[in-house]
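Just so you know, ligand 1 is whichever comes first in the structure, and atom 1 is the first atom listed for that ligand.
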Amino acid sequence: MVKRNVESEALYREVARLLVDRGNCVALTGAGVSAESGIPTFRTQGGLWEKYDPMEFASIEAFRKDPSKYWSLRGEFIKDSDLYQPNNAHIALAELEQMGIVRCVITQNIDGLHKKAGSKNVIEIHGNLMEIYCLACGKEYKAPYVPEGMPPHCLCGGILKPNTVLFGEELPVDVFMKAKETSATCRIMLLVGTSAIVHPAASLPYLAKENRAKIIEINIEKAFPEADYSIMEKAGTALPKIVDEINKFSHE
Ligand code: NAD
């Protein structure tokens, strides 16, 4: 006989009730939300930055010195981006937006998977790897198409750079301002798959909490001890379960 976990069922129900009653939810997502799409997180064992020194391959200083080093590492991911598809967590967040519960997704990820899953209101605070632009004339290119060359060059001869915030680079002020305003005015923050320690994004849940938002954390391990509710589960399992619970209310 399958043993029912009554405690966790009650937690999902309570969280679903809170989302329906309060609304105005903002999701702050990190690398963990894309883990089930096959993209390793920052801290995963064997992850990218364990093999490559980020300061050598993905800092703004290194890019200025030798952009081909960055492109040799990231180019393949960009060209093969169709290999990486949104998972059930991205899809559930898009559904919660359609239901009028999630107002906005603020993501630290650069993989573009929230938009690919259908989320409309997405703030990509670290940019998007699939948007490439020329440092000389500003012309934009859309991955997976990338002009030939190492590093790739624009038709005008300028060097191309993905629209992402590299290590040592400041976040665009207007984008982070929007993320702060959105966090400060939400009534619930869903914290999904983030270690919540990379600054300045790590300040956003505190901003929400200061303004009396409830924090619901979804993570395979406890990363934000100040959360009001913690669901220790894979995002691709937990978020669809929450959507199911919400759907049950409309049939009651
Ligand atoms: P992180 O690597 O520091 O933390 C990932 C968190 O996700 C951990 O707390 C882990 O326990 C949790 N996690 C792992 N698998 C999960 C799953 N299936 N479901 C739920 N939770 C899961 O990531 P971070 O907090 O986003 O910060 C790292 C930085 O690296 C960010 O700036 C981010 O932009 C960048 N990054 C982005 C990507 C991407 O775009 N997909 C991938 C790696 C790193």
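- Counting only non-hydrogen atoms, the option in Gly236, Ala235, Gly127 that gets closest to atom 20 (C) of ligand 1 is Ala235.
- In this structure, Ala238 falls outside the shell of residues with a heavy atom less than 4.0 angstrom from ligand 1.
- For a threshold of 3.5 Å applied to N or O pairs, the pair formed by Gly193 and ligand 1 contains at least one separation below that value.
- Ligand 1 has an N or O atom lying under 3.5 Å from an N or O atom of Ala31, backbone or side chain.
- Below 4.0 Å from some heavy atom of Ser34 lie the following atoms of ligand 1, by number and element: 41 (N).
- Near Glu221, the atoms of ligand 1 lying under 4.0 angstrom from a non-hydrogen atom of the residue are 11 (O).
- Atoms of ligand 1 lying under 4.0 Å from any heavy atom of Asp111, numbered from 1 in the order shown and given with element: 39 (C), 40 (O), 41 (N).
- When non-hydrogen atoms are compared, ligand 1 lies under 4.0 Å from the backbone of Pro40 (N, CA, C, O) but not from its side chain.
- More than 12 heavy atoms of other shown residues, nucleotides or ligands fall within 6.0 angstrom of atom CD in Glu226.
- If you look at Tyr206 and Phe224, their ring centroids are closer than 6.0 Å.
- The side chain of His126, and not its backbone, has at least one atom closer than 4.0 Å to an atom of ligand 1 (non-hydrogen atoms only; side chain from C-beta on).
- Polar contact check, Ser195 against ligand 1: a nitrogen or oxygen pair lies under 3.5 Å apart.
- Classified by interplanar angle (parallel below 30°, tilted 30° to 60°, perpendicular above 60°), the ring pair Tyr84/Phe77 is parallel.
- If you check the side chains of Arg74 and Thr164, you find no donor sitting under 3.5 Å from an acceptor.
- Less than 4.0 angstrom separates some heavy atom of Ala35 from each of these atoms of ligand 1: 15 (N).
- With respect to the salt-bridge test (charged N to carboxylate O, under 4.0 angstrom), the residues Lys248 and Glu245 qualify.
- Inspection of the Asn87 and Glu36 side chains reveals no N or O donor paired with an N or O acceptor under 3.5 Å.
- Nearest to atom 25 (O) of ligand 1 by heavy atom, out of Thr194, Val192, Leu191, is Thr194.
- Of all the atoms in ligand 1, the ones that sit under 4.0 Å from a non-hydrogen atom of Gly30 are 26 (O).
- Both Leu93 and Ile188 belong to a single network of hydrophobic side chains, linked directly or stepwise wherever heavy atoms of I, L, V, M, F, W or Y lie under 4.5 Å apart.
- Judged by the 6.0 Å and 45° rule, Lys139 forms a cation-pi pair with Tyr141.
- The pair Lys120-Glu97 does not meet the salt-bridge criterion, since no charged nitrogen lies less than 4.0 angstrom from a carboxylate oxygen.
- Considering backbone and side-chain atoms alike, Ile39 places every N or O at 3.5 Å or more from each N or O of ligand 1.
- Under 4.0 Å from ligand 1, the heavy atoms of Val198 that appear belong solely to its side chain.
- Other residues, nucleotides and ligands contribute at most 12 non-hydrogen atoms within 6.0 Å of the NZ atom of Lys178.
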